[in-house]
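Below is one structure; the comments refer to it alone.
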Number of protein chains: 2
Amino acid sequence: MTALKIGELAARLDVPAETIRYYEREGLLPQAQRTAGNYRLYDSALIERLTFIRNCRALDMTLNEIRALLVLRDGPDEECGGVNQLLDQHIKHVAERIAELQRLEHQLQLLRSRCSRSATMGHCAILNGLSAGDASIPAMTPSRPGL
Amino acid sequence: MTALKIGELAARLDVPAETIRYYEREGLLPQAQRTAGNYRLYDSALIERLTFIRNCRALDMTLNEIRALLVLRDGPDEECGGVNQLLDQHIKHVAERIAELQRLEHQLQLLRSRCSRSATMGHCAILNGLSAGDASIPAMTPSRPGL
DNA sequence: CAACACCTTGTAGTAGGTTTAAGGTCAAGC
DNA sequence: GCTTGACCTTAAACCTACTACAAGGTGTTG
């Protein structure tokens with residue numbers, strides 16, 4: 001049961017130390033125990049919790065989603081139902097964002113192709129296209145922070 | 001040449017008035033003319049410029065990218081070269097982000113499938129998976145703000 | 001006991017806005 | 001002429017998920 005200082009934990013899990021403190025401030029991690037010199041100490045339970053958080057972040061979940069998962073995780077009975085629901089929702093978000101970006105990519109390529117077609121013209125067809133008020137450029141739904 | 005007040009412009013282009021003021025503060029729009037009562041007034045040149053900005057935002061360009069495009073647009077000779085370059089770069093960003101999200105979606109579906117497979121187990125295989133320190137979950141490259 | 005790496009807290013900055021507070025302006029109705 | 005209400009003004013705080021900095025305390029090594 002070797003407890004780690006924040007820098008050691010940071011190095012082991014490849015998380016900046018400031019980010020670990022930030023998670024504590026945000027309540028994702030509990031207040032860490034302290035040494036006599038007021039240094040934070042992390043035992044294996046905390047290390048696992050941070051690993052969990054970082055895995056979730058690597059899956060692009062928001063801190064709020066992670067918070068919800070942690071509550072389920074901390075609960076006496078680990079409810080698969082809630083976990084599944086949250087995960088399904090997140091998968092849906094990601095799929096939607098992909099579809100949106102693919103539409104976007106298509107529009108960008110259309111726009112890009114204008115210029116090669118009009119190389120002989122006196123002024124840039126791309127800039128003209130972007131100045132137009134028509135519906136050639138679809139309104140994007142604002143993206144969630146983080147996606 | 002009917003100049004619009006900010007609220008009218010906001011309604012016509014479906015941009016919140018606060019966002020228009022924000023673009024002015026950020027230097028994307030010039031300081032608007034004012035009425036005697038200090039209300040901003042927008043003529044057709046400004047309306048077109050805002051349309052341009054919003055079209056670019058709808059294509060998920062950052063304000064800095066838009067700033068660069070506006071400089072090219074404002075320049076005496078409209079350089080297609082710079083415009084093309086910027087657009088190609090942006091298309092590349094979008095394509096990369098799509099690829100990244102697709103990898104992500106795959107990982108999420110893998111994780112999700114764990115739970116249906118382990119419905120009879122006493123504890124949730126998804127939560128266990130997320131607590132693991134192994135390489136089953138790939139590190140994501142941090143995403144650009146806005147993408 | 002000095003140097004240096006590491007830790008502490010607190011504050012501010014990032015992108016692209018959104019929201020709120022406190023107040024000024026203008027047209028219409030009475 | 002005065003009030004109501006819609007609209008406008010500025011400035012500042014808030015959002016996500018960090019990151020960076022400053023000023024100072026701690027701990028180890030020479």
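Lettering of chains follows the sequences in order, A, B, ..., and the numbering in each one begins at 1. Side chains are part of it too, since the values below use all heavy atoms of this structure and drop only hydrogens, waters and symmetry mates.
Counting to the nearest Å, the C1' atom of C/dC6 and the CG atom of A/Leu4 are 15 Å from each other. Taking atom CG on B/Asp60 and atom P on C/dG16, their separation rounds to 10 Å, with Å as the unit. Spacing between atom CZ of B/Arg25 and atom P of C/dA15 amounts to 14 Å, rounded to whole angstrom units. As rounded to whole Å, 13 Å separates atom C1' of C/dC7 from atom CD of A/Glu24. If you measure from atom OH of A/Tyr22 to atom P of D/dC21, you get 19 Å, rounded to the nearest angstrom. Protein atom CZ of A/Arg34 is 12 Å distant from nucleotide atom P of C/dC7, rounded to whole Å. Between A/Asp14 atom CG and D/dC18 atom P there is a gap of 13 Å when expressed in whole angstrom units. The CG atom of A/Leu9 sits 15 Å away from the P atom of C/dC6 (whole-angstrom rounding).
Among the protein residues, B/Arg40 comes within range of the sugar-phosphate backbone only, with heavy atoms under 4.0 Å from sugar or phosphate atoms but none that close to a base.
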Can you list, pair by pair, the side-chain donor-acceptor contacts under 3.5 Å of residues 29-39 of chain B, counting residues two or more places apart and other chains?
from	atom 1	to	atom 2	distance (Å)
B/Arg34	NH1	B/Asn38	O	2.9
B/Arg34	NH1	B/Asn38	OD1	3.2
B/Thr35	OG1	B/Gly37	N	3.1
B/Thr35	OG1	B/Asn38	N	3.4
B/Thr35	OG1	B/Tyr39	N	3.1

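Residue order along DNA chain D, read from the 5' end via each residue's closest nucleotide, puts A/Asn64 first among A/Asn38 and A/Asn64. Both A/Glu18 and A/Gly37 lie close to DNA chain D; mapped to their nearest nucleotides by heavy-atom distance, the more 5′-ward contact belongs to A/Glu18.
Although no hydrogens or angles enter the test, the distance criterion places a donor-acceptor pair under 3.5 Å between the side chain of B/His90 and the main chain of B/Leu59. Panel note: side chain A/Glu65, backbone A/Thr62; a donor-acceptor pair is recorded below 3.5 Å.
Listed candidates were C/dT9, D/dT9, D/dT16. Nearest to the side chain of B/Ile6 is D/dT9. Here D/dG27 is the nucleotide among C/dG16, D/dC18, D/dG27 with the atom lying nearest to any side-chain atom of A/Tyr39. Looking at the side chain of B/Arg57, the nearest of the listed nucleotides D/dA20, C/dG16, C/dC26 is C/dG16.
Computed from C1' positions of five pairs at each end, the angle between the two local axes of the helix from C/dC1-D/dG30 to C/dC30-D/dG1 equals 30°, rounded to 10 degrees.
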Take A/Arg49 and A/Asp74 through the salt bridge (Lys or Arg N to Asp or Glu O under 4.0 Å) test and state the conclusion after the steps.
CA-CA 10 Å; A/Arg49 193 178 182 88; A/Asp74 292 343; 3.1 Å; yes
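For A/Asp14, the side chain to side chain donor-acceptor pair (under 3.5 Å) test picks out no residue, with sequence neighbours left out.
Considering only side-chain N and O atoms, B/Arg21 lies nowhere under 4.0 angstrom from the phosphate OP1 or OP2 of D/dA12. Contact annotation: A/Thr19 side-chain N/O to D/dA17 OP1/OP2 distance is not under 4.0 Å. In this model, the phosphate group of D/dC18 is approached by a side-chain N or O of A/Tyr23 to a distance below 4.0 Å at OP1 or OP2.
B/Glu100 and B/Arg97 are joined by a salt bridge, as a carboxylate oxygen and a charged side-chain nitrogen come within less than 4.0 angstrom of each other.
Counted by atom type alone, A/Tyr23 and A/Arg54 present one or more donor-acceptor pairs between their side chains at under 3.5 Å.
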